[in-house]
2 protein chains.
Amino acid sequence: MLTRSAPAEILIRRLHRSTGLDETELADLRTLPATIRELGKNETISREGDRVHHCVLIVDGFLARFLDTREGKRQILSFYVPGDIPDLQSLHLPTMDHSLGSIAPSKIAMIPHKALADLSDRNPRIASALWRETLIDGSITRRWVRCLGRLNARQRVAHMLCELYVRLDAVGLADQPIRLMTQQDIGDAMGLTVVQINRTLRDLRSEELITIEKRHLTIVHRERLQKIAEFDPFYLHLDPEARH
Amino acid sequence: MLTRSAPAEILIRRLHRSTGLDETELADLRTLPATIRELGKNETISREGDRVHHCVLIVDGFLARFLDTREGKRQILSFYVPGDIPDLQSLHLPTMDHSLGSIAPSKIAMIPHKALADLSDRNPRIASALWRETLIDGSITRRWVRCLGRLNARQRVAHMLCELYVRLDAVGLADQPIRLMTQQDIGDAMGLTVVQINRTLRDLRSEELITIEKRHLTIVHRERLQKIAEFDPFYLHLDPEARH
DNA sequence: CGCCAGGTTGAAGTTCCTCAAAATTTGTGG
DNA sequence: CCACAAATTTTGAGGAACTTCAACCTGGCG
């Protein structure tokens, strides 16, 4: 059970923020059964083609969805932060069309599909909130398409950092410097090589737009970075009432 | 009303194929009100930031979702073919986070959100079928991320052509040569310039993998083209029971 | 028949990749 | 807490893939 457990509270806080539903309406989430799992770095949770029976709620760490190419190159499709449920789509499409794994030591709660489906049937508001989360995930993926298709390395990296900051900030994790994933992971996400990521980060640092100390990122000039990246957080739909 | 109209039948056939629901279960779709609209080439239906109140069902033609960059570059996020509802997400996220427009003369049916929402409430099977469509759309977008991030021009174009073929085939429109969008549109979709698209298509033609006559595409060697593109149609989730 | 969107080609330039090596950081066991 | 191995970051040099610019075709349509 998630009763008063950290996972339940994370999810409630998250859905409260994204949908505006109050705690009473979301209290049902505490009835969800869940198995906690601790993961090291680079552990795969599910693979393309797998049939899965649980959804994953991130309690701590970073996960990523990814696809591989024949020559062993990896493309990360999306990063996920605490409070995210990266494989919510598996509730309706249980055969994975991509893989899911950790890119940092992480803690996850595995929630059986059946429990989530039953809860959704009982509680249409929660069903709707989960719907919404999945659609926002789609919006993020579409931004990445634009990012990969039309921005250069500098803009892509800047965009990724802006998005990461805003998403972490939304769950209260951007107060201190942000622990970054490896440059290889950033490259796999932005469709670039590690070398290029390294040079781009060096340039952003030398312009004093960001600092990185012991792998921890601080954004020094958020406005300038956002301008470089053409970043507008609207696509994250963080404010349920926002009208652009 | 969509009663026995072409739009209703297109949607019923489409959802029948993708979900396995039979005609009786989907008959309710005929009660949906709809306004038919004819579009020329390159007409915008809705823009990033717009608040919309209808979903669009494609009856004939091609639509595309897209995002622009500051310098006026356009990134197409996805192509849509007859039977698709490209903006189903607007039912839950009514403020557009991207734009939608035609890339060929097209015929669309505009269905009011309210009617679709009411029908979904009344008929959970249809609700679920629509859910599924949206999730498949997400799967397609994720493939495009991999395509843009990790494939070269040749592979990207091959992938796009394979996907277009299979999606059109699924609605019975791939028997004759396929009327292509402009090379500019293909470039905007694959994150490449027109020039590069032109050269890539020329190469694919000279290898006799495809032929293009009067802008109509025929895939001569589908297997070889799929191999080049690393194309596996599973991600389209066309067969509701497929397990990879 | 002539206009114009769209297709085609060449040449030069840029961005990013590849390969390779070295420096630094992180993690682990003693 | 140190020493060592492994992982990650950093830098350089050369090359490939794609872009940019600019011109010239082509075919469908009024």
Side-chain angles (χ1 to χ4, degrees), chain A residues 38-43 61-62 69 71-76 102-105 147-161 177 179-206 210-217 228, chain B residues 40-43 62 69 71-76 102-105 147-158 160-161 177 179-206 210-217 228:
Chain A
E38 305 264 355
L39 300 170
K41 198 180 296 189
N42 293 326
E43 285 193 52
F62 285 135
T69 65
E71 307 106 49
K73 289 187 203 161
R74 185 176 64 149
Q75 176 63 48
I76 289 181
S102 61
I103 52 172
C147 195
L148 295 179
R150 289 292 179 227
L151 303 185
N152 61 29
R154 176 184 167 77
Q155 295 175 301
R156 285 190 221 177
V157 172
H159 198 281
M160 198 229 101
L161 297 179
R179 166 90 201 196
L180 280 180
M181 49 288 291
T182 65
Q183 296 183 7
Q184 179 65 62
D185 289 330
I186 298 176
D188 286 347
M190 295 295 102
L192 298 164
T193 57
V194 212
V195 175
Q196 189 66 14
I197 297 297
N198 187 277
R199 289 179 174 139
T200 306
L201 286 173
R202 180 193 59 191
D203 294 346
L204 294 176
R205 262 178 300 168
S206 77
I210 62 172
T211 63
I212 299 179
E213 275 172 40
K214 302 195 180 185
R215 290 212 194 150
H216 287 252
L217 166 82
I228 287 168
Chain B
K41 198 179 295 190
N42 294 326
E43 285 193 49
F62 285 137
T69 65
E71 306 107 49
K73 289 188 204 163
R74 185 177 65 149
Q75 176 63 47
I76 290 182
S102 61
I103 51 171
C147 195
L148 295 179
R150 289 293 180 225
L151 303 186
N152 60 29
R154 176 183 166 78
Q155 295 175 300
R156 284 189 222 177
V157 172
M160 197 230 102
L161 297 180
R179 166 90 201 195
L180 279 180
M181 47 286 292
T182 65
Q183 296 184 4
Q184 179 65 62
D185 288 331
I186 299 176
D188 286 349
M190 296 293 101
L192 297 165
T193 58
V194 212
V195 175
Q196 189 64 14
I197 297 296
N198 187 279
R199 288 175 176 145
T200 306
L201 286 173
R202 181 192 59 191
D203 294 346
L204 294 176
R205 263 179 299 168
S206 76
I210 61 172
T211 64
I212 299 179
E213 275 172 40
K214 302 192 181 186
R215 285 210 199 154
H216 287 253
L217 167 81
I228 288 167

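The chains referred to below are lettered A, B, ... by the order of the sequence lines, with proteins before strands, and numbering in each begins at 1.
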Whole Å only: how far is the CG atom of Leu201(A) from the C1' atom of dT8(D)? 13 Å
Please state how far atom CZ in Arg202(B) lies from atom P in dC18(D), giving the value in whole angstrom units. 13 Å
Heavy atoms only: give me the nearest Ala189(A)-Leu148(A) pair and the separation to one decimal. O-CD2, 3.8 Å
dG7(C) OP1/OP2 closer than 4.0 Å to side-chain N/O of Asn198(B): no
What is the distance from atom CG of Asp185(B) to atom CE of Met190(B), rounded to the nearest 0.5 Å? 11.5 Å
Rounded distance in Å - CG (Asn152(A)) to C1' (dA17(D)): 16 Å
Side chain of Val195(B), heavy atoms from C-beta onward: which of dT20(D), dG7(C), dC18(D) has the nearest atom to it? dT20(D)
Does dT10(D) have OP1 or OP2 sitting under 4.0 Å from an N or O in the side chain of Gln183(A)? yes
Give a yes/no answer on whether the side chain of Arg205(A) brings an N or O atom under 4.0 Å of OP1 or OP2 in dT10(D). yes
Would you please confirm or rule out a distance under 4.0 Å between OP1 or OP2 of dC18(D) and any side-chain N or O of Arg150(A)? no
Could you say whether Arg154(B) or Thr182(A) is positioned toward the 5' end of DNA chain D, judged by the nucleotide with the nearest heavy atom to each? Thr182(A)
Quick one: do Lys73(B) and Asp188(B) make a salt bridge, cutoff under 4.0 Å? no
Considering every strand and a 4.0 Å limit on heavy-atom distances, what is the contact class for Gly187(B): base, sugar-phosphate, or nothing? nothing
Provide, to the nearest angstrom, the distance between the CG atom belonging to Asp203(A) and the P atom belonging to dT15(C). 12 Å
Rounding to an integer number of Å, can you tell me how far Gln155(B) CD sits from dA17(D) C1'? 13 Å
Minimum-distance nucleotide to Arg215(B) side chain [options: dG6(C), dT11(D), dT8(D)]: dG6(C)
Separation of dT19(D) atom P from Asp188(B) atom CG, nearest Å, is 11 Å
Using only modelled atom types and a 3.5 angstrom limit, is any donor from either the side chain of Arg199(B) or the base of dG7(C) paired with an acceptor on the other? no
Rounded off to whole Å, could you give me the CD-to-P distance for the Gln184(A) and dT18(C) pair? 11 Å
Heavy-atom pair with the smallest gap, counting every atom of Ile186(A) and Met160(A): CG2-SD, 3.7 Å
Is there side-chain contact between Leu161(A) and Leu201(A), with at least one heavy-atom pair below 4.5 Å? yes
Contact nearer the 5' end of DNA chain C, comparing Ile197(A) with Lys41(B): Lys41(B)
Are any of Thr193(B)'s side-chain N or O atoms less than 4.0 Å away from OP1 or OP2 of dT19(D)? yes
Over how many whole Å does the gap from Asn42(B) atom CG to dC4(C) atom C1' extend? 15 Å
